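Step one of this worksheet: look at the structure below.
Any value given below was found using the heavy atoms of this structure, including those in side chains, with hydrogens, waters and symmetry copies removed. Since this is a predicted model, take the numbers as computed values, not measurements.
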Amino acid sequence: MRLATWNVNSVKARLPRLLDWLADKRPDVVCLQETKCAADAFPAAEVAELGYETAAHGDGRWNGVALLSRVGLDAVTRGFDGDPGYAGEPEEGGEALFPVSDGPPPKEPRAIGATCAGVRVWSVYVPNGRVPDHPHYHYKLQWLAGLRDLVAAELPAGPFVVCGDFNVAPTDADVFDPAAYVGQTHVTPPERAALASLHELGLRDLVRERWPDRRVFTYWDYRAGMFHKDLGMRIDLLLGSEELAGRLKAAWVDRHARKGTLPSDHAPVIVDLDEAPDGDIGPVVPPPSNPVTKRGAKKLPQA
DNA sequence: ATGTCCCAGTCTCTGGGA
């Protein structure tokens, strides 16, 4: 199974590139974030032409997540119980946009789950946090605590992976220069502790395990030639269960998708998993003998 | 690094978010 995650920064703006990328990479399951698209406006017909089913969760201008699969898409779940919702920021006078008296603050479309070929897959877009101690930062930490509860509930059931834009760089090795991020979000101890709590439940960082010592980034600011200078962060993660980590065959960031005309500011991250140990991979048939020579391929015997 | 891109509404510019 080839599994990918990509913060596309608007699926409508990125549609031509997304379709070309799907046709080229042929992932089996794709987690998308920042689709910035209402669920009923998602370009499902366009991706269906490439063989993908769609499950989308979005309400318009901001956020939005989706799952694409060509290996089945069952038991779709939009959002999760522990999502705290966001009350908005206080006005100058101190009134929240959604006071407590109006009930719980509304949940944003930041998570969608489905079962694809026996694997429980979640696409998540973790709140950005803006700056440390901002209301949005506390929302981010509460949201990650809710995600931890979701993982704790679902992880024991079988193969599980949560993929997406976590807006947290797990370690200092995941940013181009730790000094550049002092006083900023994405690197603070509480954010990293929230991520670590997911690992304590048993989730494994598939890309970092495959490349323990590599400089690997998935996001580069549009400004100041950051991509060209490879000044980025690794904040797009695939966190898989023990069973999936054992099936890991390859993991990489598709930097090519960050180049050229009108890219997202994030690159897709792709992992290839071997078949499940008990999966039926079909009869074992030796390949035809067809050695390539300087004069071209030898003709196969006629049937 | 504060250099760009995206969205919707105020709609051919602006403000907010990242």
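To the nearest angstrom, P of B:dC6 lies 17 Å from CD of A:Q33. The nearest whole Å value for the distance from the CZ atom in A:R258 to the P atom in B:dT4 is 13 Å. Atom NZ of A:K229 is separated from atom C1' of B:dT2 by 11 Å (rounded to the nearest Å). Atom CG of A:L262 is separated from atom C1' of B:dC6 by 10 Å (rounded to the nearest Å). Spacing between atom CZ of A:F176 and atom C1' of B:dA1 amounts to 7 Å, rounded to whole angstrom units.
Taking atom C1' in both B:dT12 and B:dC7, one finds a spacing of 15 Å when rounded to whole Å. For the C1' atoms, the distance from B:dT2 to B:dG17 is 14 Å, rounded to whole Å. If you take atom C1' in B:dA18 and the same atom in B:dG3, they sit 15 Å apart, rounded to whole Å. B:dT10 and B:dT4 have their C1' atoms separated by 22 Å, given to the nearest Å. Spacing of P atoms, B:dC11 relative to B:dG15, comes out at 12 Å, to the nearest Å.
In this view, A:F227 and A:W220 satisfy the ring-ring contact (aromatic ring centres under 6.0 Å, His included) rule, not counting sequence neighbours. In terms of the ring-ring contact (aromatic ring centres under 6.0 Å, His included) criterion, A:Y137 has no residue partners (sequence neighbours excluded). By the ring-ring contact (aromatic ring centres under 6.0 Å, His included) test, A:H57 is found to be paired with no residue, residues two or more places apart in sequence or in another chain being considered. Every residue meeting the ring-ring contact (aromatic ring centres under 6.0 Å, His included) condition with A:Y181, not counting sequence neighbours, appears here in chain and number order: A:F176.
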**Fill in**
B/S/- along nucleotides 10-18 of chain B (protein heavy atoms under 4.0 Å) is -----BBSB
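When the nearest nucleotides of DNA chain B are assigned to A:A13 and A:A180 by heavy-atom distance, the more 5′-ward of the two goes with A:A180.
A salt bridge does not link A:K107 with A:D83: none of the charged nitrogens is closer than 4.0 Å to a carboxylate oxygen.
Between A:D205 and the options A:R210, A:H199, A:R234, a side chain to side chain donor-acceptor pair (under 3.5 Å) holds for only A:R234.
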Only pairs under 3.5 Å count here: list side-chain donor-acceptor contacts from residues 39-51 of chain A, not counting sequence neighbours, and write none if there are none.
none

